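Working notes for the structure below.
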Amino acid sequence: MPLSSSLSLRPPPTLPPTSNRHHHPPPVSHPHPRPLALRGSIHLARPPRAGAADMAAAAAAASSSPPTLLEYMGRAGTPADLAVLVAHIQSACKSIAALAASPGNADLSRAKAAGSGADAVAAGRDAPKPLDELSNEILLSSLQSSGKVAVVASEENDLPVWMCDDGPYVVVTDPLDGSRNIEVSIPTGTIFGVYKRLVELDHLPVEERAQLNSLQSGTRMVAAGYVLYSSATILCISFGSGTHGFTLDRSTGEFILTHPSMQIPPRGQIYSVNDARYFDWPEGLRKYIDTIRQGKGQHPKKYSARYVCSLVADFHRTLIYGGVAMNPRDHLRLVYEANPLSFLAEQAGGRGSDGKDRILSIQPVKLHQRLPLFLGSMEDMLELESYGDVQQKVNPGYEV
């Protein structure tokens with residue numbers, strides 16, 4: 001299939017299995033088994049056959065157990081093509097989870113990718129690392145094998161990758177956010193968003209078609225999600241009717257529904273930001289932070305700071321506990337990070353903004369376009385935005 005960039009899709013590396021579904025321990029042999037001695041009138045009887053009532057009870061218990069992600073999509077009426085696509089994303093993320101937890105990941109996270117990172121930086125991307133590139137190959141290979149994706153725009157590629165002329169969907173992704181944290185075992189994550197292919201652009205050259213399909217407004221997104229690689233591997237996803245969380249059951253290799261219909265609290269008591277940049281912040285943002293941590297804002301209690309410096313981890317905590325997670329400078333990508341996470345926040349009753357405007361209403365103009373990002377509880381977000389001047393313009397080029 002034609003590709004619109006020079007990316008060569010290689011098969012993903014062999015990884016540790018993520019499912020124990022077909023694993024059985026070897027039988028234990030006893031060379032001289034002792035005979036069973038029976039005393040008195042004790043008799044060993046065959047267990048009784050399950051009656052109709054027992055079978056009905058077992059069926060009811062099975063039907064009441066939490067569904068897997070695939071079962072959930074079937075029950076929710078997810079379009080078949082989209083369900084196939086998401087099934088391939090979850091499969092890739094299981095492999096990335098195994099890669100992130102493997103003994104060699106620290107060396108991969110410290111190492112630099114082959115060649116210079118100058119081209120990546122010039123294109124607006126971070127300098128690549130081998131771990132990022134491996135995760136990218138795993139995800140793109142899985143998406144291509146799905147047969148449901150026309151084009152993929154990845155944070156790891158300068159240009160979109162055209163996969164299939166008749167693929168119904170477009171995928172945007174950051175395959176491994178926070179990879180620099182892996183060597184110290186801090187959580188990382190995968191972020192993705194899904195759009196429908198713009199069939200009205202099919203007459204255009206491949207390169208132009210790929211670019212325009214990848215630059216759709218967040219309001220056109222049909223699904224978005226992230227996978228958190230931490231003490232548990234959690235996949236949170238929305239198809240436009242709520243945000244739902246699934247936890248990887250390592251005994252079966254299945255994502256199980258554990259957080260149905262997630263709702264971010266209207267207000268939290270936690271803010272998440274790198275406080276070390278305080279003196280580079282604008283007056284409005286400094287005033288907001290000073291106010292809430294003294295308990296003098298619209299909420300009478302003092303706020304606490306929690307900051308992981310891993311976007312998926314900070315957002316996941318905010319989604320559960322409420323509050324606000326932010327990076328006030330032009331650092332996070334609109335296409336790969338801000339749009340998918342804002343979609344999830346809104347579906348959970350929260351808000352995503354650049355400090356002034358709703359993220360999903362911003363039309364992307366560049367593939368690797370960066371902007372400030374504020375995500376969180378609705379009341380916290382509105383209070384933050386009321387301070388006006390919260391976007392950091394001073395950007396001296398931090399090393400970490």
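All values derive from a computational prediction rather than experimental measurement.
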Mark yes or no for whether S135, through its side chain, and L131, through its backbone, hold a donor-acceptor pair below 3.5 Å.
yes
Whether the side chain of Q211 engages the backbone of E208 through a donor-acceptor N/O pair (distance < 3.5 Å, no angle test) should be reported.
no
Ion pair present between D81 and K196, side-chain N to carboxylate O less than 4.0 angstrom?
no
Main chain of Q392, side chain of R329: is a donor-acceptor contact present, judged purely on distance under 3.5 Å?
no
Taking C309's backbone N and O only, do any of them form a donor-acceptor pair with N274's side chain (distance below 3.5 Å, no angle check)?
no
For the residue pair L360 and S217, establish whether any side-chain heavy-atom pair is separated by less than 4.5 Å.
no
Using modelled atom types only, decide if a donor and an acceptor are shared between the side chain of T291 and the backbone of G297 within a distance under 3.5 Å.
no
Taking H368 for its side chain and N157 for its backbone only, find out whether a donor-acceptor pair lies under 3.5 Å.
yes
Under 6.0 Å between the ring centres of Y303 and Y271?
no
Using 4.0 Å as the upper bound for N to carboxylate O, is an ion pair formed by D389 and K287?
no
Hey, is the main chain of A87 close enough, under 3.5 Å, to the side chain of S91 for a donor-acceptor pair?
no
Does atom NZ of K393 have more than 12 heavy-atom neighbours from other groups under 6.0 Å away?
yes
So, F246 versus Y72, ring centres under 6.0 angstrom or not?
yes
Among residues two or more places apart or on two chains, list those pairs meeting side chain to side chain donor-acceptor pair (under 3.5 Å) that have a residue in residues 356-367.
E346-R358
Same apolar cluster (I L V M F W Y, side chains within < 4.5 Å links), M163/I138:
yes
Using side-chain heavy atoms (C-beta onward) and a distance below 4.5 Å, is T233 in contact with F255?
yes
Name the one of D354, I289, L384 that satisfies side chain to side chain contact (heavy atoms under 4.5 Å, CB included) with V390?
L384
For G240, does its backbone N or O pair with a side-chain atom of S238 as donor and acceptor, under 3.5 Å?
yes
For S377, which residues count as a side-chain hydrogen bond (donor to acceptor under 3.5 Å, both in side chains) partner, sequence neighbours excluded?
none
Do I96 and V227 come close enough that some side-chain heavy atom pair is under 4.5 Å?
no
Taking C-beta and beyond as the side chain, do Y307 and D314 meet within less than 4.5 Å on heavy atoms?
yes
Donor + acceptor pair across side chains of D177, Y226 (<3.5 Å):
no
Less than 6.0 Å separating the ring centroids of F239 and H244?
no
Taking Q269 for the side chain and K302 for the main chain, is one N or O donor matched with an acceptor at less than 3.5 Å?
yes
Residues in side-chain hydrogen bond (donor to acceptor under 3.5 Å, both in side chains) contact with Y321, at least two apart in sequence or another chain
none
So, do N339 and I359 sit near enough that their side-chain heavy atoms are less than 4.5 Å apart?
yes
Taking atom types as modelled, is there a side-chain donor on T190 or Y229 under 3.5 Å from an acceptor on the other?
yes
Are L285 and M326 close enough that some pair of their side-chain heavy atoms sits under 4.5 Å apart?
yes
Looking only at atom types and distance, does a side-chain atom of Q90 sit under 3.5 Å from a main-chain N or O of L69, one as donor and one as acceptor?
no
Do L140 and V161 touch side chain to side chain, with heavy atoms closer than 4.5 Å?
yes
